[in-house]
Number of protein chains: 2
Amino acid sequence: MATMHDVARLAQVSVSTVSYVLTGTRPISPATRAKVRAAMTELDYQPNAMARGLASRRSRILGLLLPMDERGLGATETAFVTGAAAAASAVGYHLVLSPVGGGGDLADLRRLASQRMFDGVVLMEVKLADERVAALQEAGVPLVLIGRTGDTAGLSYVDIDFGQTVREAVAHLVGLGHRRIVYVNHSAQTLTRGYGPALRTRDAFVTAMTGHGLEPVMIPAEDSAAGGRAALAAALARAPGLTAVLAMNETAIFGILGELTARGLSVPDDVSVVSMVTSPQVAELATPALTAMTSPGSAMGRIAIEALVRHLDGAGDERHQQLLPCALEIRGSTAVPRSRPPTGG
Amino acid sequence: MATMHDVARLAQVSVSTVSYVLTGTRPISPATRAKVRAAMTELDYQPNAMARGLASRRSRILGLLLPMDERGLGATETAFVTGAAAAASAVGYHLVLSPVGGGGDLADLRRLASQRMFDGVVLMEVKLADERVAALQEAGVPLVLIGRTGDTAGLSYVDIDFGQTVREAVAHLVGLGHRRIVYVNHSAQTLTRGYGPALRTRDAFVTAMTGHGLEPVMIPAEDSAAGGRAALAAALARAPGLTAVLAMNETAIFGILGELTARGLSVPDDVSVVSMVTSPQVAELATPALTAMTSPGSAMGRIAIEALVRHLDGAGDERHQQLLPCALEIRGSTAVPRSRPPTGG
DNA sequence: AATGATCGTCGAAGCGCTTCGACGAAGCGG
DNA sequence: CCGCTTCGTCGAAGCGCTTCGACGATCATT
């Protein structure tokens with residue numbers, strides 16, 4: 001393994017000159033630069049990442065802090081992660097996947113932050129009141145959130161525009177002529193835990209429905225096919241004449257579809273279904289393919305990383321706060337409702 | 001940010017003593033150890049990861065090299081990744097997600113390996129003839145594969161036992177009375193590219209079927225719902241009396257199911273379906289839930305990391321070569337075939 | 001009682017790089 | 001032609017840690 005010393009000797013310059021060629025922090029004459037470059041090539045020189053990190057106090061490593069509970073990541077979260085990894089790699093940073101146990105072990109987080117291994121950090125699955133944010137800020141680690149806390153003052157974040165998403169989804173259904181629309185959200189527990197997307201979509205749904213002069217009915221569902229089935233049963237009980245279901249729960253949606261079929265209700269003829277914040281791949285899995293609000297997917301991870309890097313690589317202290325829309329993609333699961341409500345037939 | 005120097009001064013010992021307390025590489029008296037520990041606590045000392053890495057020539061960072069093509073990761077691969085991240089974190093290592101563009105940019109890989117940022121590397125999506133393996137070995141980076149090359153001499157790997165998986169799946173169907181079984185594999189292109197799982201399952205399928213005295217029919221399918229639909233159409237054309245479909249393609253399977261339904265064939269009454277190397281979550285999405293060979297999921301990532309760390313932390317040079325079985329989980333998509341083949345009715 | 005071995009600690013020499021101050025050589029206006 | 005800045009390069013001082021050799025002190029061995 002060649003070191004900078006070897007390159008310097010071969011090129012007959014000093015070590016610092018080699019460093020300046022590498023980093024460009026001081027002007028170097030073309031002739032010298034060429035000599036150094038040649039030596040590097042000849043020796044197949046690669047700078048040692050650790051040494052560089054120690055001396056420059058910049059590791060060029062970014063942390064992606066993601067909660068790692070039992071059921072892994074959904075398609076949408078996976079897209080964030082891969083998008084972030086690709087973006088980091090594109091700008092010459094490494095991305096460390098750091099599973100921070102959901103069970104708020106702040107101490108671990110503090111330790112991690114103090115090791116100075118990460119130049120900056122992207123925090124996923126942020127709750128409305130998230131103590132991790134404060135812990136990271138105290139440790140002085142540049143931070144970008146995917147999602148956002150209740151009070152976003154002084155924070156950088158990228159999040160989905162849930163207001164827009166729900167509004168468009170509801171508008172689509174109402175435009176088709178639906179009046180009795182049920183919203184299947186995440187579980188009740190998730191709501192009480194203060195999970196932003198669940199709360200924000202709930203509020204947006206109420207606003208959107210009342211805006212159309214309709215009654216908002218929300219049913220919570222566990223994140224599983226069984227949860228979806230149960231939720232649909234509950235929905236039919238609460239709103240017997242329902243003609244459309246709006247779902248936020250990428251996992252439960254398949255249970256919902258299954259239960260509809262099991263009850264002899266056809267999609268979209270009897271009941272229209274819109275899946276929100278969903279990846280096209282998942283939407284295509286269903287039969288019929290789901291009309292969905294397509295999540296920004298990997299773009300979100302990319303934007304978060306780019307904002308973080310911009311913040312690190314200089315610029316001012318300006319915060320990056322951005323909401324990304326979900327795009328309505330109409331597939332086969334929505335249609336004009338039957339004149340007679342399904343339970344009346 | 002307190003340094004070791006500060007701790008040493010406060011504890012009134014030398015810097016090296018502090019280091020020995022931390023690493024345990026030399027005996028330290030209980031009294032001294034206590035003094036040092038107290039000083040560390042008081043100063044809230046955290047060792048600097050870069051400095052440690054430079055001096056010890058061990059970064060405690062592991063690389064997870066995953067190909068990042070357009071369509072992200074499937075549920076099974078995601079489970080590998082999260083399992084690996086959790087395992088790494090559990091043994092005090094960091095896991096860097098390194099998307100190496102599928103388009104064999106060996107140079108990038110070599111550069112990465114030479115930076116000495118990774119103590120070791122897990123390589124995913126290994127092809128039968130994979131030049132990346134040689135590149136990494138030349139760079140002297142300890143290596144564990146998820147998947148395996150054709151010639152595994154001297155390599156450590158963890159892979160799925162495709163032989164067992166196919167055998168059990170076929171045995172299950174044959175046991176139910178099925179005779180005309182079609183195997184839907186990955187795409188033809190994937191096969192020619194030398195993707196191990198596709199090739200190994202193909203061979204295993206031929207062996208298993210002929211072993212039962214049956215004719216093996218294999219159909220390739222693109223990794224998409226549309227690909228699955230097309231594959232099922234092709235399968236019905238090639239084997240009109242088919243009563244069972246075996247699928248390896250987590251994405252295409254939903255297209256297969258959709259097309260079956262569209263043709264008025266019911267699952268499992270007319271056609272039984274077994275999905276191979278599938279996560280329970282995905283199997284549960286379908287209606288009826290899929291009988292599947294459940295992939296080892298996160299265990300595989302964990303085992304790979306553990307093997308790598310064992311290799312790093314000492315032990316000998318013994319290679320870790322392990323095949324993990326998939327477990328047959330019978331759900332609702334398989335049943336005894338109808339007496340009359342579906343197309344005959 | 002003399003001889004090693006072992007224990008507990010220290011000081012110093014790096015690990016491979018960045019960066020600061022310095023300094024000769026040009027280039028410039030007056 | 002003198003002093004001034006700018007350019008291009010060098011040497012040296014770290015960055016915060018590990019690790020090696022050394023050295024009293026303690027302890028078991030003959």
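Below, chains carry the letters A, B, ... as their sequence lines are ordered, and counting in each starts from 1. Side chains are part of it too, since the values below use all heavy atoms of this structure and drop only hydrogens, waters and symmetry mates. Owing to the predicted nature of the structure, the values given are computational and were not obtained by experimental measurement.
For the pair B:N48 CG and C:dC15 P, the interatomic distance rounds to 19 Å; values are reported in whole Å. In this entry the distance linking CZ of B:R52 with C1' of D:dG16 reads 11 Å, nearest Å. At whole-Å resolution of the value, CE in B:M4 and P in D:dC15 are 15 Å apart. Taking atom CD of residue B:Q12 and atom C1' of nucleotide C:dC10, one finds them 15 Å apart after rounding to whole Å. One interatomic measurement links the two molecules: NE2 of A:H5 to P of D:dA12, which rounds to 11 Å at whole-angstrom precision. Atom CG of A:D119 and atom P of D:dC15 are 18 Å apart (whole Å). Rounded to a whole Å, the CG atom of A:L22 is 10 Å from the C1' atom of C:dC17. To the nearest angstrom, C1' of C:dG16 lies 13 Å from CD of B:Q115.
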Problem - side chain to side chain contact (heavy atoms under 4.5 Å, CB included) assessment of A:M300 paired with A:I146 - result: CA-CA 8 Å; A:M300 217 155 131; A:I146 291 191; 3.5 Å; yes
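Within the 3.5 Å criterion, the main-chain N or O of A:A55 finds a donor-acceptor partner in the side chain of A:R57.
Residues A:D130 and A:E125 come closest through the heavy atom pair OD2-O, 4.1 Å. Smallest separation of non-hydrogen atoms from B:S59 and A:M117: O-CE, 4.4 Å.
Within 4.0 Å of A:V18, counting heavy atoms only, lies no atom of the nucleic acid at all.
For D:dG16, the OP1/OP2 oxygens have no side-chain nitrogen or oxygen of B:T3 closer than 4.0 Å.
Other residues, nucleotides and ligands contribute at most 12 non-hydrogen atoms within 6.0 Å of the CD atom of B:Q12.
In summary, B:D6 and B:R9 engage in a salt bridge, as defined by a charged side-chain N under 4.0 Å from a carboxylate O.
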Is there any protein nitrogen or oxygen under 3.5 Å from a nitrogen or oxygen in nucleotides 19-22 of chain D, and what are the pairs?
| residue | atom | partner | partner atom | Å |
| --- | --- | --- | --- | --- |
| D:dC20 | N4 | B:Y20 | OH | 2.1 |
| D:dG21 | N7 | B:R26 | NH2 | 3.3 |
| D:dG21 | O6 | B:R26 | NH1 | 2.3 |
| D:dG21 | O6 | B:R26 | NH2 | 3.3 |
| D:dA22 | N6 | B:R26 | NH1 | 3.3 |

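For residues 106-124 of chain A, the set of pairs meeting the salt bridge (charged side-chain N to carboxylate O under 4.0 Å, His left out) definition, not counting sequence neighbours, comprises A:R58-A:D119, A:D108-A:R111, A:R110-A:E138.
For A:Y45, the side-chain atoms get nearest to C:dC17 when compared with the rest of D:dC7, C:dC17, C:dC15.
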